[in-house]
Amino acid sequence: MAKIYIENIPYEVADGQNLLQACLTLGFDLPYFCWHPAMHAVGACRQCAVKQFKDEADTKGRIVMSCMTLAEEGIRISIDDPEARAFRAGVIELLMTNHPHDCPVCDEGGECHLQDMTVMTGHAYRRYRFTKRTHRSQNLGPFVQHEMNRCIACYRCVRFYQDAAGGRDLDVFQWHNHVYFGRANDGPLENELSGNLVEICPTGVFTDKTFKRHYARPWDLQTAPSVCGHCSLGCNTIPGERGGRLRRIRTRFHGEVNGYFLCDRGRFGYEFVNSARRVRWARVKQKEVPAAEAVAHVAALAGGGRVIGIGSPRASLESNFALRALVGAECFYSGLAAKEQALAALVLEILREGPARAASLHEAACADAVLLLGEDVTQTAPLLAASLRQAVLTQPIEIATKLNIHRFHDAAVREALQKEKGPFFVATADATKLDDIATTVFREAPEEVARLGFAIARGVQGDAPPVVDLPPERRQAAGLIAETLRNAQRPLVVAGVAGGSAEVIQAAANVAWALCAAGVPAKLLLVLPECNSLGAALLGGGDLEAAAQAVRSGAAETVIVLENDLTRRAGTETVEAILSAPHVVVLDAIENATTARAEVVLPAATFAETNGTLVNNEGRAQRFFQVFEPEGEVRGSWRWLGEIEQKLKIKNEKLKIDSDGEEKRSSVPQQSWGLQRQEEAERFDEVVAAMVRAMPELAGVVEAAPGAGFRVAGEKIPRQAQRQSGRTAVPGEASAEERSVPADADTALAFSMEGYAGIPPAALVARYRRPGWNSNQAINKYQQEVGGPPRGGDAGKRLFDAAGLREKPYFSTAPAAFVRRAGELWVTAAWHVFGSEELSVLSPGVAELSPEPYLGLSPEDAAALGAKDGDLVELRIAGGPAHRLRARVRPALVAGVATLPAGLGELAAMELPAWGKAVTIGRTEGGAA
Amino acid sequence: MLTEQERAEIEVHAACYLHRRAAGPEALKVVQAHRGWVSDEALADVAEALGVTATELESLATAYTMIFRRPVGRHVILLCDSVSCWVMGYERLVEHLRSRWGVALGETTADERLTLLPAACLGACDRAPALMIDGVLYGDLTVEKLDRILEGLK
């Protein structure tokens, strides 16, 4: 701690900070633009000037930039000094000379940091009377709107885009008044984190283009705390709705998970919620029916016995559990294909039972040596790529420390580091977007990646299993990596299930465990495919093949499918078997190939329309809350299923009475939520409580967020800003009545602008706004220390944690060497951040950036097939149907391995990796599969 | 497409730096020396040769006023507009160039003979007013002297 004096009053502040951060933490309102807690200081904007005094006797002082000055012991400053005030007012007046003052038509208006800072400095009247310089703005693709004329040249955008995100297609051009931030040419921003520019930019240069298409003023949005559902990382979000439509997604700060950022899939993938393909009304045999009728129908089916439930890794724990409770644990299936399920279970076993702790994204960013095995994380977990870009700076930062440069001096630190990078080893079959920061890149087939991992583990610890027939140079490389990891203080091993290889995951676990055994606190980060993959693994149940078997054998006559398009998950044979059951009930939000086959379709709520808990890839249970009341009879799946169970119970009780004690055969389990009255069964917290009773391991779910009874000063947390306008006018076209406010008995949030206006626990933060701070920079005020964890701690609860003391035997068998087969290709899945995920691709912008189906070929294999880039090829996998695809020559891809884009159309259900045969058709136009 | 000659010259410069990106300004000067200016296509080619993106190289190119990103005339006149030259008759020269030679600051003549650009300083205050044409410095200028110089240019 250091004692600093502000206006001659002493304050204690943490060591090593700059004055700006210290002042903001102390609660002073000091204006700034270029500084950002995640990107530190460069002193570009000169806005945060304060007066510094030599000692008590010094009355003259000198102006310094608070962001560039260490808050060191004994320093004396003044924020209120008239000269400092005048300086700050002068700076903003200069910055504003070319600003168009177009707030009324600017999308940033009302949550603009530039507006806030202008008001804060008191620059109320414009004196500049000359022509403003103007720029031509660029088309930056479907996500980010560009309006360069609003720029105040703080340089935050390029610093974020290049330094944090690793992007190379946004830069600064020209000098002084002509400074321009953009691309060399119009075109979509290439980086997967480009959407953060919207929040990084302190004014309206970069705004959300998807929001623009259905714009509402930020203070008119109804918002609630939420969790992203488009990958397994579980980034925290704040979706905003108005008039029944979801308008946009913003970041909710989480110290351990996503920090201040989101990826573009998470930020812009929300539009499926507004899709014309939404299921809005219950349907029985293709006919819309009232909800009660549909519930009665399903209850009748379920009451007939022989009912099974198929869960989903994209549905919440509560919805999955409600299904499990309805059909009984033994009749509950996870909704995953056999292979996917085995991989998810493997990851769960490793994280739950092994000695290595699952790393959060923040912990990943703090790692000082990283081994990445097999996973193209930029495509499967984009924000992790940003963490790894941080991690490679952990070791080099020492260079700056030795030169007495404080971490917050960002430009000086980068100058000292030059291109120095810490150890980061990448082993994948094809090029990744992280290769540019890798110490060493190994281009190998998945089996060889696993073997390298096993060899590294062996190199760390002699009792780890050996790898046979490893070439000497590879053994040596493994030894060097092992040594580097062992010498690190916080090594990290990253892998994932996208490649479909259990051995690669086992290899990653072995390396981390070997390091733990050697006394190095290694962490593991395993990427899963979906937002609740780990939750699905925790709930267990048989795989889809087992479900198909149950139908085939006649054990199941009614199949209830929860938020799961089976046709994307498993082969035709399995899916046909399941869907050929006499009665198929599907709960889903979007019409798909599975709902099309269902006897009963129940309209399920999306993440924005109900509450639920997701378990991310580190085992953190996180709650998402309902943002708005959807149109139609849309309900959370857990609620539908609860109603069905209640109906069934009432009927069973009636049956029991009617049958005069005669035993009625029913496969409906006797276990239930132990509730008496129907209205109670519908309470969300009761579902959670019942789940925890049934599965004590999920106890932490209760703590993921405060329950429905939580109040601050007797009040609920409002979903609407106090400035919300036109509540009665929104539905004005249809009705002149003032609609009643929907009640929310399930959560501590209210569909209202009334309630506790202060800072709630992080899990309940529905917006960032404090007096004078209307932009997301208000996050400062929600943190204990600026840049640190939120007040009251981070949201969510880890369900399990490695103590570091446990011992688990190594996975014993390294796979055999990869042997190419003549005339065949080892076809693996290539994930695409835009396109591979089921729901986000329904957003027009994401669809625009999604690739066409293709077959990725190494140059060698392409030559052998006589295929040039763009040629049509026909691929046949293990006797399956032929797929006509365009060949894409992948210069870095390992020979013998081919890639198919994951999750695209008919390719989604393909079980990969698998051996396939390809033939070249030629350059014929059209007919691409 | 870069010519073999250009490529070879760029490689000489690239070899002088730890990171190829650092050779950006020199590489752009190579292209400009051969072609008079740097077109979008040339910029993309140089970027590829140096292993940087077009955007990154454009950032460098636009930071240097002497890298021409638009076509220039056969002769580029850099007219000094700093204090000494201004005091000693810079404005007279600007006006004469406009009326007699038909070229204003930032413009190129229709016959692509002359381009006139302002220069912040030519380091020739003792010989003000001064200008530089195709790398040759001319000082103590009068309107007559300027005419003689320009008449000598093709």
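FYI, side chains are in, hydrogens and waters are out, and symmetry mates aren't considered; it's all heavy atoms of this structure. Below, read A as the first sequence line, B as the second, and so on, with proteins coming before strands; counting in each chain starts at 1.
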Q) For the residue pair Y64(B) and W175(A), what are the closest heavy atoms and their distance? A) N-NE1, 4.4 Å
Quick check on [X]: does its [atom1] atom have over 12 non-hydrogen neighbours (other residues, nucleotides or ligands) under 6.0 Å away?
X: K132(A); atom1: NZ; result: yes
X: R100(B); atom1: CZ; result: yes
X: E112(B); atom1: CD; result: no
X: E415(A); atom1: CD; result: no

Does any N or O in the side chain of [X] come within less than 3.5 Å of the main-chain N or O of [Y], such that one atom is a donor and the other an acceptor?
X: T55(B); Y: L170(A); answer: no
X: S59(B); Y: V172(A); answer: yes
X: T62(B); Y: Q174(A); answer: yes

Q: With rounding to the nearest 0.5 Å, note down the distance linking CZ in R183(A) to CD in E58(B).
A: 12.0 Å
Q.
Are the side chains of D169(A) and T53(B) in contact, using a 4.5 Å heavy-atom criterion?
A. no
Q. Does the side chain of K419(A) reach to within under 4.5 Å of the side chain of L18(B), using non-hydrogen atoms?
A. no
Q: Evaluate the side-chain contact (heavy atoms from CB on, under 4.5 Å) criterion for residues V52(B) and R168(A): first the C-alpha distance (whole Å), next the side-chain angles of each, then the deciding distance (0.1 Å), finally the verdict.
A: CA-CA 8 Å; V52(B) 299; R168(A) 297 184 67 183; 4.0 Å; yes
